[in-house]
Amino acid sequence: MLTQPFLVALLFGAVTAGVPLLLAGMGEQISEKAGVLNIGIEGMMLLGAYCGFVAAYYSGSFALGFLAGGLGGMAVASLVALLCVRLGLNQIVIGIALTLGAEGLTALLHHFQFSRTYPRLDEAPVLALPLLADLPILGPALFAHNPLVYVSVALVAFLGWAFRHTYAGLNLEAAGVKPAALDAAGISVVGTRIGAVLATGFLAGVGGAYLANVGAGLFVPFMTHGAGFIGIVLAMLARGKPLWVLIGAALFGLSLALTTALQVAGINIPTDIVQMLPFALIMLVLVVFARHSVLPAALGLPYERGER
Amino acid sequence: MGHTDGPPQSVRPAGADSAPVLPSPVLSVRTLTKRFPGVVANDGISLDFHAGETHVLLGENGAGKSTLIGMLAGMLRPDAGEILVQGSPVRILTPRQSLDLGIGTVFQHMLLVPSLSVIENLMLGGPWWQRLARGAAYRRFAELSECLGISLDPDLPVGHLSLGQQQQVEILRALWRDTRVLILDEPTSMLTPQGVRDLSAVLCRLCSQGVAIVLVTHKLAEAYDLGDRVSVLRQGRLVGGIAADEHRGMTEAQMTDQVIAMMFDPAHAPMADERAILLGRGNVHAPSVRRGAAPCLEVRNISTMPRTAAHGLQGVSFDLRPGEVLGIAGVDGNGQKQLAEVIAGQRAPSSGTVLVGGKDVTQGDVAARRNAGIRYVTDDRLGEGTVGSLSVAINLLLKNVGAEPFWHRGIADWARIRQAARDDIQRHDIRTRSEQTLLAKLSGGNIQKVLLARELGKAEGDVKVIVFSKPTHGLDLHNAQLAHRRIRESAAAGRGIVLLSTDLDELLTLSDRIGVLFQGRLVGIVDNGPGAGAAIGRLMTGAVAA
Amino acid sequence: MNTTWRVLLPILLALLAGAVVLIFLGKDPLAYYGYVMERGIFSWGGLQETITRMAPLLLIAAGLIVAFRAGVWNLGGDGQYLLAAVVTAALAPALVEVMPRALTLVICMVIAFVVAAIWSLLPAFLRARYGINEIVTSLMMSFLGISLANVLVKLFFWDPTTTVPQTRTLAIADRLPRIFGSNIHIGILLALVVIILVHLLMTRTAFGLKLQIVGASPKAARHAGLKVGALTVVTFALSAGLIGLAAAVEILGVWGNVRADWNPAYGMLVVPLVFLARLNGLAVIGFTFFFSSLMIGGESAARRIGVPQDFVLLLMGLVLAFLALVEYLDHRRRQRLGA
Ligand SMILES: Nc1ncnc2c1ncn2[C@@H]1O[C@H](COP(=O)(O)OP(=O)(O)OP(=O)(O)O)[C@@H](O)[C@H]1O
Ligand SMILES: [Mg+2]
């Protein structure tokens, strides 16, 4: 069973499945650092997937597709920014409402546009990294992907750096832990959080677009299938460290890929069991190595100056 | 100026100041007004603040001091009136604008990010798209620290610092940019005598450098020592003040008399003979210890695990007799909180036992200890003492939820609960719109009154021991006095009192014996009396009792 | 602004926005809305379906109100619901062969309650013991529960007489009794009683107040001597149990079996409803009726007018967003007036 083609397909699939989770997880991490619990990320990914697919389908450009996906995600995020950050409404409720709305909207649009034809995109462009791509097994599995994959991984490093070495990083931390302190230092808490939420929307939208355009090659209603929620899980477990989001996304990507790979290999256990693996693993880790969790103190709480 | 309880008078109208040497004020407010639902927190206040002067703001709890400061700092928007900087009107709509005008503020409740280091807290506020300018920040830090005589490790997370050290960080932050006006809202309420001395030195140095200082405090001795002039607020209005030249010529007693006359409604003014007690002058302590009685609280060899910042307890033992007040002195963070929590049952000791009235209650949780007769007034009034998002009425019964007669078989009798709350509000002079008001809307001192009312008000149950942790923190003179009286009354009624405080005067006023905690050990217990203060001072630095 | 307008205005705004979307898609909004109203409320058959659908929604709402008031974010409702549903569907046809129908129904409901409650214990324990955020853990348990439910149907409870994986079916005659010859089963009565009890529990009792204190500030609760850990676990179990009861009522009253990959996702749908009702058990009844009629009307409109059922989701999203907005603006207005 562990033949070379099987391993290559498995790892390749893991990367493909993991990238949207990575992008969503990093995005959610930015919001959570700033104290916004972005439950609407599923909706952002979904609208990103739809916009990304439409743009790529009509323009023929994958780059444009990703950009449109990011903007689609930002559109949903701007509602979160308005309703939750600006107006201080409950973040969990609005997040769920926006996810429901995005599900309805994209399914509806898809129904009227594509439900007869189910058009597909061409194969996504691939950038094989020189030298690395020639490695046995690992080369074709990890180093011959759509350029967005490498950009996403580079983003992990960049975020890790930016969190610690820029004023933006300090602002995010303060906005999440003690917003009044940030405000007193002369930085707008609302502005900081809006920026964070919009960045989340963009990343989640791009993730959705990747899922549709590269992962599937088409748009299907409800296609994110909880990927946004997995992003939330990854962000919370990563405790503010982008590297841990990457590790988590890889783990989940692998288990998703295993599901398909096993089916292809004709092994007959219900996919449900494989799908349970990463969640069961994380719960096990939590129970065995349970430590007190560290979440930003002001997570989920709206901020209003002078309010008490 | 002969101040009486007559109508409020304007202190020093602009330009009409009698001291010709003073330049025009750096910062002034004119008829500044701020309303909150149901209260006028600031009602047409006009004041001038001068360079090189310390201007003390006094006033009872809820008088509107923090509100005034909030408007100067850009945290609150005035409803009417104007603010002038060097004579020209400015609008301060955001904290950023306040900072840009050279106003630095230390707020009443700490505004630091505990997860960030000292230096990162100080750097907060730069343009977000830039890399952190750490090099420049360290230089500024060294410069300021030297100038103020502060020594701190800039890379330590703020959450690991003691309250006094956090206060220093706040002051550094307020001075981080070129600050012309430094505002401090009750900076000394959490500090030890030594901390207050350090702070005074810093403020004097700043004054001599030409910074205008605005200082809010409840301690008249501080107002006398540190202030160049004094203004008094009552119920949102400016009701009087003492000008700089006047202030220089006064004795402390004279000033105290004047201020007290201005500060309180005639109905609430403290008795003349009690002023001395309030100010910590002389010890009129009347002991009520029942020497022959069996101890009501025995603490045997208690140790706890150390937590990140504070010391764990190590082998702490003492007895407490009915009617006795045992003061516990020590610099904050030497195990006071742990000791209080172990007695109250909020923290399990790693070894040792606690006995109440001879019965071992070490295994009991908070509820069991309460049943055994222990009450605990915490010093963390916002964090654990109260629930800000619930009403005053519920907060008054927070530790009695489900108890008769307010609940019958678990069903609430809301009419009764609210009536009881109205009684408490009346009896303890809690300033609130109604018993239904959310607790968070009260001023700091009034929240403290809720806490005291809850633990002392109802004589339900058989109370044997009361643990007070900084009971008068943030209270104005009058309320501090009321609290002290209640503590004495409790002792006279035969209860044992453990009084943890960083205020040495308070301890000397109330205690029969005073123990000193140093690095988690009870290094000695001194009988209160002449010379006790000096002995405690020595113990607090770690010298072991002879 | 009075309460009626606070509820009606956002609904009207959402319908208006929805109409724009319909026109954009080339459909006649008036025809669509008319049809939905007719099928959801004004036809006897539709009304019966609407009321029937309310039963599980109300029970879930009851479960969520208990949790949210105590500051426990039980977002694992879908997993709890499905597991309870599968166990009910597996047990009922077997039990009814050996014991009376009434007893079967009661036992199934109790077991559904217990199964769902058990599924919530791990997140509850982790939160109570280590302070681990329950949003994440309950979501993960939900994903696990959904998968496990499918595994159970496919590997253990697959009715051998069917080709697609599904459990055995409870005969219609053995299901929950109907009310006065209508098609409405008595689950709705149970749901109404439960939601009113929950409302009283939260507003009138010491237990409810304790939950509120724990929800608002666990530190203060600990200081006040409340057993925070135990209360958290009890809250979680009660919340999940009621969601499990919702599943049992739906299976015993309507479906009679569970097919693999069936997931109505009510757990998420009800979250916004209970918030719009401000965690008030009585107000939630009205919102649930509205939402339920929209679902039922939308389902038949999808077949007749060719606007897919998903439009209802969009509409719900819009109603919620507008409602939130109106509530907020009203709150601001009252704040200004009060100042
Ligand atoms: N955000 C707010 N909302 C409602 N009422 C407020 C608010 N802030 C202050 N108040 C009210 O305004 C009045 C003045 O409060 P303020 O905090 O200025 O008093 P203070 O003089 O600082 O008292 P303390 O010595 O107790 O700190 C109080 O009655 C308080 O309840
Ligand atoms: Mg104040």
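As the structure is a prediction and not an experimental result, all values here were calculated from the model. Each chain gets a letter, A, B and so on, in the order the sequences are listed, and its residues count up from 1.
What you find for B:V387 and C:A220 is that their closest heavy atoms are CG2-CB, 3.6 Å. Shown here for C:A206 and B:V401, the closest heavy-atom pair between the two residues is O-CG1, 3.6 Å. Closest non-hydrogen pair, B:A367 versus C:K227, comes out as CB-NZ, 4.3 Å. The two residues C:L209 and B:W407 make their nearest non-hydrogen contact at CD2-CZ2, 3.4 Å. The minimum heavy-atom distance linking B:Q346 with C:H223 is given by the pair OE1-ND1, 2.8 Å.
Contacts of B:L390 with chain C are made by side-chain atoms alone, with heavy-atom separations under 4.5 Å and no backbone atom involved. B:D413 does not touch chain C: none of its heavy atoms, backbone or side chain, sits under 4.5 Å away.
Between the OG1 atom in B:T386 and the NZ atom in C:K219 there is a gap of 11.0 Å [rounded to 0.5 Å].
At most 12 heavy atoms of other shown residues, nucleotides or ligands fall within 6.0 angstrom of atom CD in B:Q363. Residue-environment remark: CZ (B:R422) exceeds the threshold of 12 foreign heavy atoms within 6.0 Å.
Of the listed residues (B:V366, B:V39, B:D79), the one with the most heavy-atom contacts under 4.5 Å to chain C is B:V366.
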